There are 2 protein chains.
Amino acid sequence: MAAKRRRSAQQEHAADVATYVAAGGEESVQRVITAVYAVTKKLDQWYVRQFADLDLTQGEWSVLAALARAGDTCLTPSQLADLSNVAPSSMTHRLDKMSGRGLVQRRPDETNRTRTLVSLTTDGWALFSAAVRESNVVESDTLRGLSTPERHELARLLEIVIEGLDDVDA
Amino acid sequence: MAAKRRRSAQQEHAADVATYVAAGGEESVQRVITAVYAVTKKLDQWYVRQFADLDLTQGEWSVLAALARAGDTCLTPSQLADLSNVAPSSMTHRLDKMSGRGLVQRRPDETNRTRTLVSLTTDGWALFSAAVRESNVVESDTLRGLSTPERHELARLLEIVIEGLDDVDA
DNA sequence: CTCGAATATTTCGTATTCGAAGTTCGATAT
DNA sequence: ATATCGAACTTCGAATACGAAATATTCGAG
């Protein structure tokens, strides 16, 4: 690490891209994908530390965020598993813990009794809100090198990518 | 899911951002960060499926990629743990498996016998190369909505973010 | 109406991960 | 020289995750 500390993050990134290109990747693709992963990797590290203050793991956060984004709509354990990228069986235990802590509540779906509906409690909403405000600090710091127009341009380009995301596996 | 299928990924994304903003996040920040995570989440799903063909987990891939990016330089288990965002103790077992499979090799550092030096074998390099070429397919598909100039612009903006990444925790 | 297939969740055994303690080696101060 | 502190890796027990089988309910075909 100390040896690499002399090189700027830019140079490091450029060298990484070169490695992928040498292995058979396309330059214009690898430049973007490698950069995206460099950002999320750093963000993930910060989230772990930030959320530790709130006694929240990344897995629990993903459940909290999914339910918050769903708004009033309740979600099933299966949907939460999909949204969190984990196996359904893993979600069972995660929800056990979180409901035991009073963050979420489970209730049977009256119209289909094989289903269980999960929703945030008041405490769950409060924790979500606290987590958003905490993480916004590091996220904002992450983007401090970009002007407001640049942020909008970056968001615009990423949103184009998102738009085509669901069509790829088809 | 079926209910949400009518809404475009754009609208879905905009609603998610609105949720974070309502909880106390800044709009220009949340638009970018949420989009970045939407992209990596989808990519992660594809990686799992693609790498299954090569009998490779994401954890093993992160080791392979870290060693490949290091080039000729050997890395220690601690460095690999840092680069892979896992605990050192987890890396021990992971390297056991991978060296048993002939992908990496461990050898003692002559200058400091507390250290172990890890490097890719020929098979490890071959698997890395195969994985890059496989993943380049979906990565390329992911960016197909962007023109070449747009990809460069996206890369440029992300690289500005990367440049400031290491200064944040200070 | 009933049987069989499909869906949703949970249970269970195995594998992976983490954090803490243990072990070995290197560096520094006395 | 040696004693102590720190660094690097591993081992161990607990927690978490996964996949397959088990359970319960719904839906459709005959």
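Every value quoted in this text rests on a predicted model; they were computed, and no experiment measured them. In what follows, every chain begins at residue 1, and chains take the letters A, B, ... in the order their sequences are listed.
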| Under 3.5 Å, is there an N or O donor on one side and an acceptor on the other linking the side chain of Ser89(A) and the base of dG19(D)? | yes
Practice item. Using distance alone, with no hydrogens and no angle criterion, decide if Thr111(B) and Asp109(B) have a side-chain donor and acceptor under 3.5 Å apart. Key: yes
*Quick one: is Arg113(B) getting a side-chain N or O under 4.0 Å of the dG26(C) phosphate, OP1 or OP2?*
yes
For this session: Verify the contact: side-chain N or O of Arg115(B) to OP1 or OP2 of dC25(C), cut-off strictly under 4.0 Å; return yes or no.
Result: no
Rounded to whole Å, CG of Asp82(A) lies from C1' of dT9(C) at a distance of 14 Å
Can Glu12(A) and Arg69(B) be counted as an ion pair, charged N to O under 4.0 angstrom? no
- Exercise: do Arg144(B) and Ser140(B) side chains pair donor with acceptor under 3.5 Å: no
The answer to which of Thr76(B) and Thr57(A) contacts DNA chain D further toward the 5' end, by nearest nucleotide, is Thr76(B)
To the nearest angstrom, the CG-C1' distance between Asn112(B) and dC9(D) comes to 11 Å
Whole-Å distance, Met91(A) CE to dG19(D) P, equals 14 Å
| Under 4.0 Å: is that the gap between some side-chain N or O of Ser90(A) and OP1 or OP2 of dC18(D)? | yes
Glu110(A) CD to dT26(D) C1', in whole Å, measures 15 Å
Between CG of Asp109(B) and P of dA7(D) the distance, given in whole Å, is 17 Å
When rounded to whole Å, the CZ to C1' distance for the pair Arg94(A) and dT10(C) reads 16 Å
Just so I know, are the side chains of Leu83(A) and Lys41(B) near enough to count as touching, which here means a heavy-atom distance under 4.5 Å? yes
Arg101(A) atom CZ is separated from dA15(D) atom P, nearest whole Å, by 16 Å
I'd like to know if Lys42(B) and Asp166(A) make a salt bridge, using a cut-off of under 4.0 Å between side-chain N and carboxylate O.
yes
Of dA8(D), dC18(D), dA24(D), the nucleotide closest to the side chain of Thr114(A) is dA24(D)
OP1 or OP2 of dA15(C) versus the side-chain N and O atoms of Lys97(B): is any pair under 4.0 Å? no
Whole-Å distance, His93(A) NE2 to dG19(D) P, equals 17 Å
**Prompt:** OP1 or OP2 of dT10(D) less than 4.0 angstrom from a side-chain nitrogen or oxygen of Thr92(B), does that happen here?
**Reply:** yes
